[in-house]
Engineer: 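One structure coming up, written as structure tokens, with questions to follow.
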Amino acid sequence: MHRLLTLLICFLIILITACTSEPSAAVIELDSGAIPSVTPRIVFVTPTQEPTPLSTVSIPTVAPTLAPMIPTGTPDLVEAENQCLATLETLYTQASESCIGEPSGFFCNGGLAPEAEPSGNVINVSGAMAQLGSLIPVESVASAQTPPLLTNDSGGVMWFRIAEPIQINALMLGQVEIRDVTPAGSNLDAWQSISVETRDITTETRSCSDQPYSTFVIQGPWGQSTSFALNGVSVQLTGSLAIQTTATETFYISIEGQSLLTVFGQNTLIVAGQQLRVPHAQGNFALPSGVPSAPEMLNYGRIAQIPAPLLDRPILLPQPGFARTDGRVNMRSLPTTNSRILAQVPDEQLLSIIGMNPERTWYHVRLPNGDSGWMRSDLVIGDIGDIALTYAETPAPPERYGDASHGAVVIAPQGANLRNAPDVQFELIEVLPPDSEVEILARSPYSPFVKVRTSTGEGWLALITIETTTVIQFLPVDYDVPLPPGPTPTPFFAFGGGHAYPDPRLGN
């Protein structure tokens with residue numbers, strides 16, 4: 001009897017122990033809110049007494065010598081992220097003030113000293129390119145490589161601008177190597193065939209979520225096409241491409257306009273919001289090894305942190321995919337039918353998607369001419385991907401870093417007429433002498449004029465009378481100005497890079 005009682009007690013102890021095991025682990029996914037980070041969402045595993053509808057994961061044992069993971073949002077990580085962002089902003093500001101507005105035909109160094117090989121008998125081209133803001137003729141350089149970002153609190157930022165014959169402006173951001181591979185004896189000018197290699201950052205080498213991938217961004221003249229070869233692919237560019245490479249592929253990411261790419265006689269058109277992957281032999285970036293992939297939606301995470309204000313022609317970066325109007329559609333200032341109509345867009349107009357409202361009932365879109373606004377999502381059709389950016393109101397457009405954001409200088413030899421509204425038919429306030437400095441405030445809804453603040457007051461100047469690096473298209477539009485008393489000519493702009501955007505000296 002005593003033996004039987006002992007066995008019963010042991011059985012009860014075992015049963016109680018089995019029923020009081022440690023609680024299961026629940027998966028908790030942390031999101032950063034309305035504007036997600038470029039990095040994938042971090043998954044934390046925490047014990048909980050409550051049941052979870054998500055599948056659980058096992059937690060590997062961490063060796064005692066390893067430091068524990070710091071969860072998102074801890075003071076240490078927040079401080080590191082803030083410091084990283086401050087370092088990048090300082091770098092971008094110094095680079096912008098050193099190289100924005102410089103002429104075509106030169107490399108301009110905006111960061112740490114690059115490595116470079118001379119072309120011909122040029123001596124110590126690397127040393128000549130080392131100074132911040134240094135300008136080196138493109139024909140003097142056979143290859144150049146910029147260092148990674150966030151190296152010694154700085155990094156690689158360099159502009160590469162060619163006026164003739166291909167007319168391109170390019171930005172080397174992070175660890176990028178470009179090489180002139182134009183065949184000798186081909187009667188082609190230097191740099192008409194370019195080899196590009198970007199060194200990808202990894203989770204271990206990335207300092208913070210604001211650090212962009214190493215990228216070569218190349219832009220053609222506004223509204224015109226230009227042709228060149230890049231990594232063995234014939235490119236007819238009307239807009240902007242972001243180029244990134246891996247060990248075996250080159251990514252051609254369309255971020256503005258469209259590009260016609262030709263590989264092995266096969267033509268492929270991609271528009272803003274799409275990308276094309278072209279394979280190449282490992283280590284040989286100048287020669288494709290096979291036919292490209294079909295056009296696919298761009299990977300937004302790989303371009304999201306590109307500092308658009310550093311581009312000679314800043315743009316609003318697109319989300320994956322593209323759309324077209326399904327009939328005549330009103331483009332509005334806010335995601336509501338009560339907001340101002342900015343334009344009536346015709347049927348079948350190609351659109352870039354740059355964001356959505358949180359309810360996902362309105363798209364924030366960009367037209368081919370650069371104008372942007374809101375359209376109802378049920379009035380557009382197309383191949384649209386997962387929209388990462390959502391916001392309830394129109395976000396402020398990007399501005400130039402530092403002093404280049406809103407400043408302008410009068411360049412008209414006889415001075416500039418400051419008027420009380422944006423047309424030559426309105427009253428003259430005063431004549432601003434040459435070299436007068438003004439602050440640009442807004443742009444006209446119907447004419448090539450901008451509203452400025454001077455030392456004595458405010459008024460309107462014709463764009464052609466000033467020089468500025470301000471992004472005119474990103475300025476707010478003053479819709480409250482009076483209409484001109486008589487007909488006014490339709491303005492035409494030639495939007496160019498390297499100087500003002502648009503270049504006032506090319507406007508009519």
Engineer: Quick one: are Q192 and F228 in side-chain contact, heavy atoms under 4.5 Å?
Structural biologist: no
Engineer: Within the structure provided, determine whether L276 and V233 are in side-chain contact (heavy-atom separation under 4.5 Å).
Structural biologist: no
Engineer: Counting distance only, does the side-chain N/O of H406 pair as donor-acceptor with the main-chain N or O of I440 below 3.5 Å?
Structural biologist: yes
Engineer: Is there a side-chain contact between L135 and P103, using heavy atoms and a 4.5 Å cut-off?
Structural biologist: yes
Engineer: Quick one: are W191 and I168 in side-chain contact, heavy atoms under 4.5 Å?
Structural biologist: no
Engineer: Locate the shortest heavy-atom distance separating A323 from I353; write the atom from each residue and the value.
Structural biologist: CB-CD1, 4.0 Å
Engineer: Say you draw a straight line from CD1 of I162 to CD of Q167; how long is it, rounded to the nearest 0.5 Å?
Structural biologist: 10.5 Å
Engineer: Indicate yes or no for a side-chain donor-acceptor contact from Q274 to the backbone of V271 under 3.5 Å, with no hydrogens or angles considered.
Structural biologist: yes
Engineer: Indicate the atoms forming the closest heavy-atom contact of I166 with S227, along with that distance.
Structural biologist: CG2-O, 3.2 Å
Engineer: Let me confirm one number: the CD1-CD distance from I255 to Q219, rounded to the nearest 0.5 Å.
Structural biologist: 6.5 Å
Engineer: Can you tell me how far the CD1 atom of I354 sits from the CG atom of L317, to the nearest 0.5 Å?
Structural biologist: 9.5 Å
Engineer: Does any N or O in the side chain of S126 come within less than 3.5 Å of the main-chain N or O of E115, such that one atom is a donor and the other an acceptor?
Structural biologist: no
Engineer: Before you tell me yes or no, could you show the steps for Q244 and T215 under side-chain hydrogen bond (donor to acceptor under 3.5 Å, both in side chains), namely the whole-Å CA-CA distance, both residues' side-chain angles and the distance that decides it to 0.1 Å?
Structural biologist: CA-CA 5 Å; Q244 297 174 355; T215 308; 3.0 Å; yes
Engineer: Treating R453 as the side-chain partner and E439 as the backbone partner, does any N or O pair qualify as donor plus acceptor under 3.5 Å?
Structural biologist: no
Engineer: Run the side chain to side chain contact (heavy atoms under 4.5 Å, CB included) test on V438 and T468 for me, step by step, so that the C-alpha distance in whole Å, both residues' side-chain angles and the decisive distance to 0.1 Å come before the verdict.
Structural biologist: CA-CA 10 Å; V438 299; T468 180; over 6 Å; no
Engineer: Parallel, tilted or perpendicular: which fits the ring planes of F160 and F216, with parallel below 30° and perpendicular above 60°?
Structural biologist: tilted
Engineer: Measuring from R313:CZ to E256:CD, what's the distance to the nearest 0.5 Å?
Structural biologist: 4.0 Å
Engineer: Quick one: does E139's side chain have a donor or acceptor within less than 3.5 Å of a partner on S119's backbone?
Structural biologist: no
Engineer: Parallel, tilted or perpendicular: which describes the rings of Y92 and Y401, with under 30° parallel and over 60° perpendicular?
Structural biologist: tilted
Engineer: Is the backbone N or O of L310 less than 3.5 Å from a side-chain atom of W159, with the two atoms forming a donor-acceptor pair by type?
Structural biologist: yes
Engineer: Do T198 and I243 have side-chain heavy atoms sitting under 4.5 Å apart?
Structural biologist: no
Engineer: Show, in sequence, the C-alpha distance, side-chain angles and deciding distance for S254 and L298, and conclude whether the side chain to side chain contact (heavy atoms under 4.5 Å, CB included) test is met.
Structural biologist: CA-CA 8 Å; S254 181; L298 62 75; over 6 Å; no
Engineer: Counting distance only, does the side-chain N/O of Q258 pair as donor-acceptor with the main-chain N or O of L269 below 3.5 Å?
Structural biologist: no
Engineer: Over all heavy atoms of both residues, which pair between H364 and P395 is shortest? Give the atoms and the distance, please.
Structural biologist: CE1-CD, 4.1 Å
Engineer: Which heavy-atom pair separates R443 from I472 by the least distance, and what is that distance?
Structural biologist: CD-O, 3.1 Å
Engineer: What is the minimum heavy-atom distance between W222 and P368, and which atoms define it?
Structural biologist: CH2-O, 3.7 Å
Engineer: What verdict does the side chain to side chain contact (heavy atoms under 4.5 Å, CB included) test give for S193 and L188, after you've listed the backbone C-alpha separation in whole Å, the side-chain angles of each residue and the deciding distance to 0.1 Å?
Structural biologist: CA-CA 9 Å; S193 184; L188 297 175; over 6 Å; no
Engineer: Donor-acceptor pair, distance only, cut-off 3.5 Å: does the side chain of R400 make one with the backbone of V471?
Structural biologist: no
Engineer: Could you walk me through whether R179 and E197 pass the salt bridge (charged side-chain N to carboxylate O under 4.0 Å, His left out) check?
Structural biologist: CA-CA 9 Å; R179 184 174 297 273; E197 178 185 1; over 6 Å; no
Engineer: List the steps, then state whether side chain to side chain contact (heavy atoms under 4.5 Å, CB included) holds for N231 with V278.
Structural biologist: CA-CA 9 Å; N231 284 7; V278 179; over 6 Å; no
Engineer: Does a sphere of radius 6.0 Å around CG in D153 hold more than 12 heavy atoms from other residues, nucleotides or ligands, not counting ones at 6.0 Å or beyond?
Structural biologist: no
Engineer: Identify the two heavy atoms, one from D371 and one from N369, that lie closest to each other, and give their separation to 0.1 Å.
Structural biologist: N-OD1, 2.9 Å
Engineer: For the residue pair C108 and R161, establish whether any side-chain heavy-atom pair is separated by less than 4.5 Å.
Structural biologist: yes
Engineer: May I ask you to test the I387-R360 pair for a side-chain heavy-atom distance under 4.5 Å?
Structural biologist: yes
Engineer: When rounded to the nearest 0.5 angstrom, what is the spacing between CD in Q319 and CG in L389?
Structural biologist: 4.0 Å
Engineer: Donor-acceptor pair, S134 side chain versus M129 backbone, under 3.5 Å?
Structural biologist: yes
Engineer: Should the pair F285 and H280 be assigned to parallel (<30°), tilted (30 to 60°) or perpendicular (>60°) ring geometry?
Structural biologist: tilted
Engineer: Looking at D435, I want to see if its CG is surrounded by more than 12 non-hydrogen atoms of other residues, nucleotides or ligands under 6.0 Å.
Structural biologist: no
Engineer: Taking atom types as modelled, find out whether D180 and T182 have a side-chain donor-acceptor pair closer than 3.5 angstrom.
Structural biologist: yes
Engineer: Measure the CG-CG distance between L149 and L112 for me, rounded to the nearest 0.5 Å.
Structural biologist: 9.0 Å
Engineer: Would you call W374 and E393 a side-chain contact if the rule is heavy atoms closer than 4.5 Å?
Structural biologist: no
Engineer: Does E117, at its CD atom, have more than 12 non-hydrogen atoms belonging to other residues, nucleotides or ligands within less than 6.0 Å?
Structural biologist: yes
Engineer: With distance as the sole test, does N152 use its side chain to make a donor-acceptor pair with the main-chain N or O of S154 at under 3.5 Å?
Structural biologist: no
